[in-house]
A.B. asks: 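My questions will all concern the structure given below.
Sequence lines set the chain letters: A, B, ... in the order given, protein chains first and strands last, and positions in each chain run from 1.
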Amino acid sequence: MQKRSPPDSEHELLSRVNKISGQTLAQLAAEVHWPVPADLTRDKGWIGQLIEVHLGASAGNLSEPDFQKLGIELKTIPLTAKHQAKETTYVCTVPLLNNIGLQWWDSCVYKKLSTVLWIPIEADPQLALAERKVGSGFLWSPDKEQWDILQTDWEDFMELISLGEVESITAHQGEYLQIRPKAANASAVTTGIGIDGLRMQTLPRGFYLRTLFTNKILQKRFSRD
DNA sequence: TGGTGATCATAC
DNA sequence: GTATGATCACCA
């Protein structure tokens with residue numbers, strides 16, 4: 001199969017999502033003639049990229065939504081054997097400089113989370129990578145309560161950062177969002193503002209969604225009620 | 001044992 | 001280094 005063209009509509013996108021639902025990663029890889037790695041240690045983004053190819057995501061490594069025309073961001077969710085979110089979800093890099101006056105609605109977190117296509121995927125380590133199946137993907141946008149908490153978290157973090165306290169932030173902080181390193185290794189540096197108000201070199205960090213939060217999204221979507 | 005801090009591949 | 005895609009791996 002060739003790399004697919006971007007879907008023209010939400011309907012077309014969801015049709016493609018339904019087609020990969022229930023398939024194993026081996027089946028999807030075979031269709032695009034990709035080898036299946038032994039494990040994800042050196043291919044951490046492999047599943048995400050495999051799904052992108054099948055659905056026709058178009059942004060590449062640009063700072064754009066995966067489905068530009070539709071304004072939709074694609075995220076895979078690795079699931080434990082109990083079908084709970086296994087890992088946190090990376091959202092975007094934390095702006096450490098020139099962020100004075102930055103408003104929530106202009107933030108990368110707000111933009112990325114406005115419309116997300118979630119694709120749950122089995123990630124039980126007992127299951128061979130090739131045998132893991134793709135779940136039922138679905139479109140999601142935060143509800144008002146979720147937006148409020150995300151905004152509060154973001155504003156709290158950005159205040160600390162503007163006060164030069166970025167290095168005092170740990171992943172324990174934040175209700176739905178958290179800030180953790182996002183870098184090639186612990187030696188990587190970027191420019192930020194120190195406690196003295198001067199520029200300083202510090203570790204690049206990213207915003208992540210806690211599994212507590214993504215599990216709420218999954219429960220709401222798949223609960224039978 | 002699970003969550004935090006660290007890390008991996010790749011394009012530019 | 002920063003953007004994309006994330007999971008690894010150690011230790012409290």
Side-chain angles (χ1 to χ4, degrees), chain A residues 3 6 20 25 28-29 32 34-68 72-99 107-109 111-113 116-129 132 134-135 137 153 157 166-192 199-215:
Chain A
K3 177 174 179 180
I20 64 171
L25 298 182
L28 295 180
V32 294
W34 283 16
V36 178
D39 59 66
L40 296 176
T41 306
R42 294 188 174 276
D43 295 272
K44 296 180 181 177
W46 186 78
I47 296 176
Q49 287 155 359
L50 180 64
I51 302 301
E52 283 186 351
V53 169
H54 277 267
L55 298 182
S58 56
N61 64 346
L62 302 176
S63 296
E64 296 286 334
D66 294 295
F67 302 99
Q68 293 166 291
I72 294 172
E73 176 72 16
L74 172 65
K75 291 290 179 193
T76 57
I77 310 185
L79 300 181
T80 65
K82 295 178 180 175
H83 286 195
Q84 298 230 303
K86 182 186 170 191
E87 299 283 353
T88 55
T89 302
Y90 171 67
V91 181
C92 59
T93 300
V94 178
L96 299 181
L97 213 52
N98 300 326
N99 50 29
S107 72
C108 62
V109 177
K111 291 174 183 172
K112 289 265 181 183
L113 298 185
V116 178
L117 173 62
W118 294 106
I119 309 283
I121 300 185
E122 291 178 332
D124 177 359
Q126 298 297 309
L127 261 182
L129 185 56
R132 298 180 189 175
V134 176
D153 280 346
F157 281 131
V166 61
E167 295 193 327
S168 72
I169 296 174
T170 79
H172 294 281
Q173 293 161 265
E175 186 171 349
Y176 286 169
L177 283 177
Q178 66 180 178
I179 286 181
R180 305 216 308 278
K182 169 62 175 175
N185 55 61
S187 303
V189 289
T190 190
T191 305
R199 286 177 178 233
M200 67 177 305
Q201 293 302 102
T202 188
L203 186 60
R205 291 141 213 269
F207 286 113
Y208 294 78
L209 299 178
R210 293 185 175 283
T211 53
L212 168 80
F213 183 55
T214 42
N215 273 325

A.B. asks: Between P on B/dG5 and NE2 on A/H172, what's the gap in Å once rounded to a whole number?
C.D. replies: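 From A/H172 NE2 to B/dG5 P: 5 Å.
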A.B. asks: Using a cut-off of strictly less than 4.0 Å, decide whether A/Q178 has a side-chain nitrogen or oxygen near OP1 or OP2 of B/dG3.
C.D. replies: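 For B/dG3, OP1/OP2 do not have a side-chain N/O of A/Q178 under 4.0 Å.
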A.B. asks: Taking N and O atoms by type only, does the side chain of A/Y208 place a donor or acceptor under 3.5 Å from a partner on the base of C/dA6?
C.D. replies: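 Donor-acceptor pair under 3.5 Å: yes.
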A.B. asks: Report yes or no: do A/Q84 and A/T211 form a side-chain donor-acceptor pair below 3.5 Å?
C.D. replies: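 There is no such pair between these side chains.
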A.B. asks: So which atom in A/L25 and which in A/L129 form the shortest heavy-atom distance, rounded to 0.1 Å?
C.D. replies: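 The answer is CD1-O, 3.4 Å.
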A.B. asks: Figure out the NZ/P separation between A/K44 and C/dT7, and round it to whole Å.
C.D. replies: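 Distance, rounded to whole Å: 10 Å.
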A.B. asks: Between A/R210 and B/dT4, is there a side-chain N or O to OP1/OP2 distance below 4.0 Å?
C.D. replies: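 Yes, such a contact exists.
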A.B. asks: Check every strand shown and say whether A/G48 touches a base, only sugar-phosphate, or nothing at a heavy-atom separation below 4.0 Å.
C.D. replies: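 It contacts sugar-phosphate atoms only.
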A.B. asks: Taking the minimum atom-to-atom distance to the side chain of A/D66, which one of C/dT4, B/dG5, C/dG1 wins?
C.D. replies: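 Side chain of A/D66 sits closest to C/dT4.
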A.B. asks: Separation of A/D124 atom CG from B/dT1 atom P, in whole Å?
C.D. replies: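 Result: 14 Å.
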A.B. asks: At 4.0 Å (heavy atoms only), tell me whether A/K112 reaches a base, stays on the sugar-phosphate, or touches nothing.
C.D. replies: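 Touches sugar-phosphate only.
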A.B. asks: In whole Å, I'd like the distance from the CD atom of A/E52 to the C1' atom of B/dA9.
C.D. replies: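 The distance from CD of A/E52 to C1' of B/dA9 comes to 14 Å, rounded to the nearest Å.
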A.B. asks: How is A/R180 classified with respect to the nucleic acid when contacts are heavy atoms under 4.0 Å: base, sugar-phosphate, or nothing?
C.D. replies: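 Base contact - A/R180 has a heavy atom under 4.0 Å of at least one base atom.
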A.B. asks: If you take atom types as modelled and just measure distance, does the side chain of A/K86 reach the base of C/dT7 with a donor-acceptor pair under 3.5 Å?
C.D. replies: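 Donor-acceptor pair under 3.5 Å: no.
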A.B. asks: If only side-chain N and O atoms of A/T190 are considered, is one of them under 4.0 Å from the OP1 or OP2 phosphate oxygen of C/dT2?
C.D. replies: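 Looking at the OP1 and OP2 atoms of C/dT2, one of them is under 4.0 Å from a side-chain N or O of A/T190.
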A.B. asks: Looking at B/dG5, C/dG1, C/dT7, which one has an atom nearest to any side-chain atom of A/V189?
C.D. replies: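 Among B/dG5, C/dG1, C/dT7, the one nearest the side chain of A/V189 is C/dG1.
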A.B. asks: In this structure, how many angstroms lie between the C1' atom of B/dT7 and the CG atom of A/L40, rounded?
C.D. replies: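 That distance rounds to 14 Å.
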A.B. asks: Show the nearest heavy-atom pair for residues A/L28 and A/H54, with the distance to one decimal.
C.D. replies: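 It is O-NE2, 2.8 Å.
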A.B. asks: For the pair A/D153 (side chain) and A/Y176 (backbone), establish whether a donor and an acceptor sit closer than 3.5 Å, ignoring hydrogens and angles.
C.D. replies: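 Yes.
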A.B. asks: Does a side-chain N or O from A/T76 land closer than 4.0 Å to OP1 or OP2 of C/dA6, or not?
C.D. replies: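 For C/dA6, OP1 or OP2 has a side-chain N or O of A/T76 closer than 4.0 Å.
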A.B. asks: Taking any heavy-atom pair under 4.0 Å as a contact, classify A/Q84: base, sugar-phosphate, or nothing.
C.D. replies: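 The residue A/Q84 makes no contact with any strand.
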A.B. asks: Picking from B/dT4, C/dA6, C/dT4, which would you name as closest to the side chain of A/K75?
C.D. replies: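 Closest of the options to the side chain of A/K75: C/dA6.
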A.B. asks: Working to the nearest 0.5 Å, report the span between CZ of A/R132 and CG of A/L127.
C.D. replies: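 Going from CZ on A/R132 over to CG on A/L127, the span is 6.5 Å.
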A.B. asks: Using whole Å, report how far CD of A/Q49 lies from P of B/dT10.
C.D. replies: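 Going from CD in A/Q49 over to P in B/dT10 covers 9 Å.
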A.B. asks: Which comes earlier along DNA chain B counting from the 5' end, the contact point of A/D43 or that of A/I179, where each point is its nearest nucleotide?
C.D. replies: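 First, find each residue's nearest nucleotide; the 5'-ward one identifies A/I179.
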A.B. asks: Considering every strand and a 4.0 Å limit on heavy-atom distances, what is the contact class for A/A123: base, sugar-phosphate, or nothing?
C.D. replies: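 Here A/A123 touches no strand at all.
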A.B. asks: I need the A/K182 NZ to A/F207 CZ distance, nearest 0.5 Å.
C.D. replies: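 One gets 14.0 Å once the value is rounded to the nearest 0.5 Å.
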A.B. asks: Mind calculating the distance between CG (A/L203) and C1' (C/dG1) to the nearest angstrom?
C.D. replies: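 Rounding to the nearest Å, CG of A/L203 and C1' of C/dG1 are 13 Å apart.
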A.B. asks: Mind checking if A/T88 touches a base, just sugar-phosphate, or nothing, with heavy atoms under 4.0 Å?
C.D. replies: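 Contact class for A/T88: base.
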A.B. asks: Out of C/dT4, C/dT2, C/dT7, which nucleotide sits closest to the side chain of A/P78?
C.D. replies: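 The nucleotide sitting nearest to the side chain is C/dT7.
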A.B. asks: Could you tell me how far apart A/E167 (CD) and B/dG5 (P) are, to the nearest whole angstrom?
C.D. replies: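 Spelled out: CD on A/E167 to P on B/dG5 is 13 Å.
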